[in-house]
Each structure stands twice: as structure tokens, then as C-alpha cells.
Amino acid sequence: MSMYDIASAIVVLIIITNFLLLGAGWLRAAIRIVAVQGFALGLLPLFVHQDGLTVRLAIIAVLVITLKGIVFPRLLMRSLRELSSVRTITYYVGPMPSLLIGIFVMSSSLWWGYVLPLPDQTGYRLAIPMVFFTIVTGLFLIVSRRQALMQIIGYLALENGIYAFGVFFAQSESMLIEVGILLDVFVGVFIMGIMVFQISREFDNIEAGQLNTLRDWFKSRKEAVSKDSEV
Amino acid sequence: MKVNLLAVAHIVLALVAAPLLLGIINRTKAIMAGRHGQPLLQAYFDIFKLLRKSAVYSRTTSWVFRAGLIVNLAAVLVGLLLIPFAGSAAPLAFDGDLVLLAYVLGLARLFIVIAALDTGSAFEGMGASREVTFSMLVEPALFVGLFALSRLSHSLSLSGILYTSGVTGWSIGAPALVSGALFVLYLAENARIPVDDPATHLELTMIHEVMVLDHSGPDFGLLLYGSALKLWLLGALFVGVFSPNLTEAGIWFREGYALVGMLFLSIAVGIVESSMARLRLLKVPQLLVGAGALSMLAAILVLG
């Protein structure tokens with residue numbers, strides 16, 4: 001069993017987690033799946049780079065696994081606990097069409113992988129398709145799910161895709177940058193978790209569509225602005 | 001045509017041992033539930049009991065109703081001839097037999113469905129509609145999965161595809177993914193629990209059992225036997241896909257692997273049935289599309 005085989009298996013695992021995310025029906029399940037995805041991503045750089053385990057790789061792997069595999073899911077689970085009445089995911093696009101769209105996106109990602117090959121041929125055929133698929137899955141979750149919590153999960157999947165791209169593409173990205181991005185994401189998820197909590201406390205639900213009820217506020221604000229401009 | 005004695009023995013084994021699988025599944029469920037359970041041979045008793053009775057036919061039915069179960073049984077028997085067991089070639093093996101297998105199963109289903117429609121019962125019509133809806137999702141998953149494997153093994157015949165692909169330890173390759181998809185299809189096609197509950201006759205959510213409500217006596221016995229054979233057939237398909245490369249292995253090892261595989265598959269079905277409830281009807285298509293996604297991923301892996 002070579003490093004290459006393990007890395008390929010991890011790539012396939014990440015693709016499967018994307019399908020699971022698209023088909024998930026429970027918020028708790030979605031959080032767990034994104035945790036597994038983050039964990040797999042954390043392991044990925046250890047096996048992709050042929051030059052073996054360096055201190056830099058090890059630090060990044062540990063950081064990514066702790067943050068994406070443990071800390072983020074915990075934060076999300078905590079906000080989920082606060083919303084004791086919310087358990088199932090609500091959709092604009094249901095799980096079955098989502099899965100079909102997923103199959104379509106995966107197939108077209110494969111095509112993109114052919115058109116946009118990696119500059120240095122590391123030989124991972126599925127790397128670029130996996131990256132595209134993960135990014136598009138994240139974006140799709142953001143627009144197709146109603147709850148604010150699922151939008152955070154979509155954001156995490158999107159970020160996972162970008163990170164995976166970095167793993168394959170940049171052989172020697174500066175550690176400062178990677179740690180900086182991780183810190184950004186950490187703060188992002190932290191703030192979003194607090195926001196979801198605040199939204200749910202204020203409005204008794206976390207449906208993004210329901211935020212339209214804020215329109216009154218928006219209208220009065222617009223009137224105020226137009227009055228300002230008249231003056 | 002040279003008749004392979006071993007292949008004939010496999011067919012006889014399937015004909016004799018198929019109802020035993022039902023017994024193993026039921027025994028597993030009983031043990032999981034802490035009961036002693038019915039005898040292992042209960043399915044045989046049921047079938048013999050039913051064969052001794054006489055059939056009652058509704059006056060609204062026509063010859064289609066009576067043809068239904070006969071075509072069903074015949075189609076499953078043809079399917080048995082196509083499927084290789086324990087790594088030796090099937091009695092009927094030719095390029096493209098995997099397509100025939102899928103359509104033989106389709107024919108069996110079609111006749112059960114039109115027999116159900118022939119009774120004119122709204123209840124059975126509902127079951128027929130559900131069965132057809134789900135099979136519409138099962139077939140692409142089966143075809144794409146078999147396509148991936150046939151591409152991998154450079155063979156268009158089931159006898160060349162099964163037992164050659166090699167599910168190896170850690171790597172998540174195409175065979176492992178197709179096995180996952182096939183397990184879901186196995187449960188769906190045999191009307192086992194996450195999709196349909198074989199034990200219920202009362203609920204409005206049942207699918208397969210509702211279609212055979214009007215069959216009685218020997219007809220129902222043959223239907224029961226037909227579904228046992230189908231269980232064996234699809235089980236043999238699954239075990240063949242989910243197997244290491246056995247082309248080099250000795251005959252006893254291959255036979256042992258296949259038989260133990262069938263045994264474990266039945267136990268796995270029993271465990272699945274006792275550990276989860278049937279899915280809501282609306283969730284079933286989702287599960288089947290998920291299986292389709294797995295097959296598709298396998299095809300992508302093979303092609304990419």
C-alpha cells in the first residue's frame with residue numbers, strides 16, 4: 001500500500017462526503033459529515049507530498065485536523081443545541097435533485113480536470129475534479145438550503161475545497177499564509193455561530209428566507225436614506 | 001455446447017438452498033431481538049404447505065394474472081443461468097449477458113406488476129406504481145455499476161466481470177463503490193427493510209407485498225419460491241462483485257468463499273433489518289439515487 005494509494009483513497013472519501021452532504025436530511029448528520037471531510041483533508045497533505053513528513057506539514061496537518069475535524073463541528077453542534085427545536089434541514093432544492101445535480105457537477109468537474117490539468121503532474125487524476133466538486137458543493141449548499149446553519153456548513157465545504165486545491169497545487173506554500181487562512185476561517189465560523197445563535201434568539205428560527213420579514217426595517221431605512229438624499 | 005458439471009451443480013444448489021437464505025435472515029433477526037425464532041427451514045415448510053392448497057382466482061382477473069407468476073419464476077430461472085457462482089463460468093455466458101440479466105429481472109418485475117394491475121384492485125395498483133417508480137431508479141444504478149466493472153475487467157460477460165476485480169484492503173476503488181451500490185440495490189430489489197418491509201401486510205406504505213395479495217395457494221408458493229431465488233441471484237451478484245481476485249485460487253477456496261459470502265450477506269441483511277426502521281416512502285428514491293451516485297463515482301474512477 002503506497003502513499004499514492006492512501007492519498008487517492010482520501011480523495012475518493014472526500015468526494016463521497018460531498019455526496020453525503022448533498023443527501024443529508026439532519027443538521028447533526030451534516031455537521032458530522034463536514035467534520036469527517038475536514039479530518040480527511042487534514043490527513044491529505046501527509047500522503048500527497050512525496051518528500052515525506054516535514055515539521056511544516058505535520059504542524060499544518062495537526063492544525064487542520066484540530067480545527068476542521070474537532071473545533072468547528074463542536075462550535076456548530078453547540079449552536080445546534082441552542083436551537084433545540086431545529087433538527088432537520090429545510091431546503092429550497094431537495095436532497096434528491098441535489099444528489100442528481102451532484103452527479104452532474106461531479107461529471108463536469110471531471111471534464112474541467114481534463115481541461116485544466118495541474119502544472120506539475122503529480123498524477124492524481126481525481127484531485128482537480130474533487131476540488132471543483134467540493135467548492136461547487138459548498139456554494140450549492142449555501143444557495144439551496146434554508147437554514148443559516150447549513151450556510152455555515154456550505155461555507156466550510158467551500159473552504160475545504162480551496163484548501164484541498166492548495167494541498168495539490170502549492171508544493172511549498174508559506175506556512176504563515178496557511179495558518180493565517182485557518183485563523184480567518186476559525187474567526188469566521190466562530191462569528192457565524194454566534195450570529196446564528198443571535199438570529200435564532202431574536203426571531204425564533206434560523207430560516208434565511210424568514211429574514212425577509214426584516215423588510216419593514218429595510219423600507220424605513222430606505223425612506224430615511226432617500227430623505228437624507230433629498231436634504 | 002460443453003456442459004460444465006460444476007455450473008449445473010451451482011444451479012441445483014441455488015434451486016435447493018435459496019429458501020434457506022430467508023431462514024438465515026429470519027434467524028438473525030430473531031437472535032438480535034432475543035427470540036428463538038422460527039425454524040431455519042420455515043420457508044420450505046411454507047412453500048410446501050402452499051403448494052398443497054388450491055388457488056382461488058378473482059373473477060376480474062384474466063390470463064395475465066395467471067401468467068404473471070409463471071413468467072416471474074421463468075425469468076428468475078433464466079437469470080440464475082446467467083450468473084456465475086464461485087468464480088466458475090455461468091452455464092449461459094456470452095458477451096453482453098449483463099444486459100440480459102438486467103432485462104430478465106425487468107421482465108420478471110413487469111409481469112408481477114401487470115398481474116397486480118390485472119386484479120383491478122386500487123391497493124395493488126398503488127403498490128405496482130411504487131414498484132415501477134423505484135425500479136426506474138434501480139436500473140441506472142445497476143447498469144452504470146456493471147459498466148464500470150466491465151470496463152475495469154475488459155469483459156462484457158458477467159463470468160468475466162465477477163470474481164476478477166479484486167476489492168483490496170484499504171483503497172477505495174471502483175469495485176468497493178459498486179459493492180456499496182449493489183448492496184442497496186439488493187435490499188431494494190428483494191424488498192428488504194430500508195426500502196420495504198417483507199413482514200408487514202397491513203400498512204399502506206408497503207410496496208412489494210401488496211402486489212401479490214391476490215395470489216393464493218400454489219401460485220403464492222411459487223411466488224415465494226421465485227423471490228427466494230431472486231434473493232439468491234442478486235446475492236450471488238453481490239458476492240461476486242465484492243470479492244478478491246479469485247481467478248488464481250483453488251476450487252475449494254472459491255466455493256467456500258462464495259458460500260460463506262452468501263451466508264454473511266444474509267446475516268448482514270438480518271442485522272440491517274433489526275437495527276433500522278423502514279425509510280419513509282419519500283426517502284427511498286433518495287437512497288436509490290445515492291446508490292446511483294456511488295455507481296457513477298465508480299464509473300468516473302474507472303474512466304478518469
Considering all heavy atoms, the nearest [X]-[Y] contact:
X	Y	value
A:S107	B:M296	OG-CE, 3.7 Å
A:G23	B:Q286	O-NE2, 2.8 Å
A:M96	B:P285	SD-CB, 3.3 Å

Sub-4.5 Å side-chain heavy-atom contact between A:V12 and B:L177: yes
To the nearest 0.5 Å, how far apart are [atom1] in [X] and [atom2] in [Y]?
X	Y	atom1	atom2	result
B:L294	A:I15	CG	CD1	11.5 Å
B:L288	A:L99	CG	CG	11.0 Å
B:L297	A:L126	CG	CG	7.5 Å

[atom1] ([X]) with more than 12 external heavy atoms under 6.0 Å:
X	atom1	result
A:F39	CZ	no
A:R28	CZ	no
A:Y92	OH	yes

Selection from A:V11, A:I103, A:L20 maximising heavy-atom pairs under 4.5 Å formed with chain B: A:I103
A:S98 versus chain B, the contacting section by heavy-atom distance below 4.5 Å: neither
